[in-house]
Amino acid sequence: MPILDILRFPDPRLNKVARPVTVVDSRIKALVADMLETMYDAEGIGLAATQIDVHERVIVIDVSEERDRPLVLINPELEWSSSERVKGDEGCLSVPGIYDGVERAASIRVSALDGDGHTRTIEAEGLLAVCVQHEMDHLMGKVFVEYLSPLKRNRIKTKLLKQQKEARG
């Protein structure tokens, strides 16, 4: 299972809308395994297929302390979200080293296929709810910095482009 390259903001491929998965077959199962390995290697808690330039509705998450409870959501659909909102600092593997406040629903209910293609419904609150919403945004072509002011977003873009240029030498 290879570690996959994670796209970095402001890469325009991060703004592509992902298409639904039509069948959970061996290709999707291999994708999920690669995504989990990539997420764990990068020390993240969530990864959407969009972030690795695969534009299909696949998310992997693990918010457990032990990093041993992976959650796979294929074709996730938000069924319900609470009116109560929480604002917390979010980070993103596609926006390394940047954290800022984003307001999200405090609790959600999502239906999706699991890694074996079975329908499941999860109810989430706290960090898991935030993470699911963050990753679902990626499937819609939205990066968390797009919730920030244009000034903050442009500063982040400039900083990351400079880092990428320096990394290339």
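The residues of the chain are indexed from 1 along the displayed sequence.
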Using 0.5 Å steps for rounding, measure from the [atom1] atom of [X] to the [atom2] atom of [Y].
| X | Y | atom1 | atom2 | answer |
| --- | --- | --- | --- | --- |
| E79 | T121 | CD | OG1 | 5.0 Å |
| I52 | M39 | CD1 | CE | 12.0 Å |
| T119 | L113 | OG1 | CG | 5.0 Å |
| L71 | S64 | CG | OG | 10.5 Å |
| F9 | K159 | CZ | NZ | 13.0 Å |
| D41 | L93 | CG | CG | 10.0 Å |

For the [atom1] atom on [X], are there more than 12 heavy atoms of other groups (residues, nucleotides or ligands in this structure) within a distance under 6.0 Å?
| X | atom1 | answer |
| --- | --- | --- |
| D5 | CG | no |
| R67 | CZ | yes |
| R153 | CZ | yes |

Donor-acceptor contact below 3.5 Å, side chain [X] vs main chain [Y]:
| X | Y | answer |
| --- | --- | --- |
| N15 | G141 | yes |
| S82 | A106 | yes |
| D11 | R13 | yes |
| R57 | A18 | no |
| N75 | A112 | no |
| E166 | Q163 | no |

Test log, rule side chain to side chain contact (heavy atoms under 4.5 Å, CB included), inputs M136 and V110: CA-CA 10 Å; M136 286 181 70; V110 173; 4.2 Å; yes
Within one Ile-Leu-Val-Met-Phe-Trp-Tyr cluster: [X] and [Y], side-chain cutoff 4.5 Å:
| X | Y | answer |
| --- | --- | --- |
| V21 | V54 | yes |
| L4 | L47 | yes |
| L139 | I108 | yes |
| I156 | Y99 | no |
| L14 | I98 | yes |

Passing option when P70 is tested against V32, L36, V60, I61 for side-chain contact (heavy atoms from CB on, under 4.5 Å): L36
Positive for side-chain contact (heavy atoms from CB on, under 4.5 Å) with P76, one of L73, L78, V72: L73
Is there a side-chain contact between [X] and [Y] in this structure, where contact means two heavy atoms from C-beta onward sitting under 4.5 Å apart?
| X | Y | value |
| --- | --- | --- |
| E56 | I28 | yes |
| D116 | K29 | yes |
| R104 | V132 | no |
| Q133 | V102 | no |
| L7 | Q51 | no |
| R155 | K152 | no |
| S107 | W80 | yes |
| H138 | H134 | yes |

Heavy-atom pair of closest approach, residues M35 and V58: CE-O, 3.6 Å
Considering all heavy atoms, the nearest G101-L148 contact: O-CD2, 3.6 Å
Pairing of R109 and E123 as salt bridge, 4.0 angstrom limit: yes
K142 charged N/C atom sitting above Y147 aromatic ring, 6.0 Å / 45°: yes
Test log, rule side chain to side chain contact (heavy atoms under 4.5 Å, CB included), inputs H55 and V17: CA-CA 7 Å; H55 303 282; V17 175; over 6 Å; no
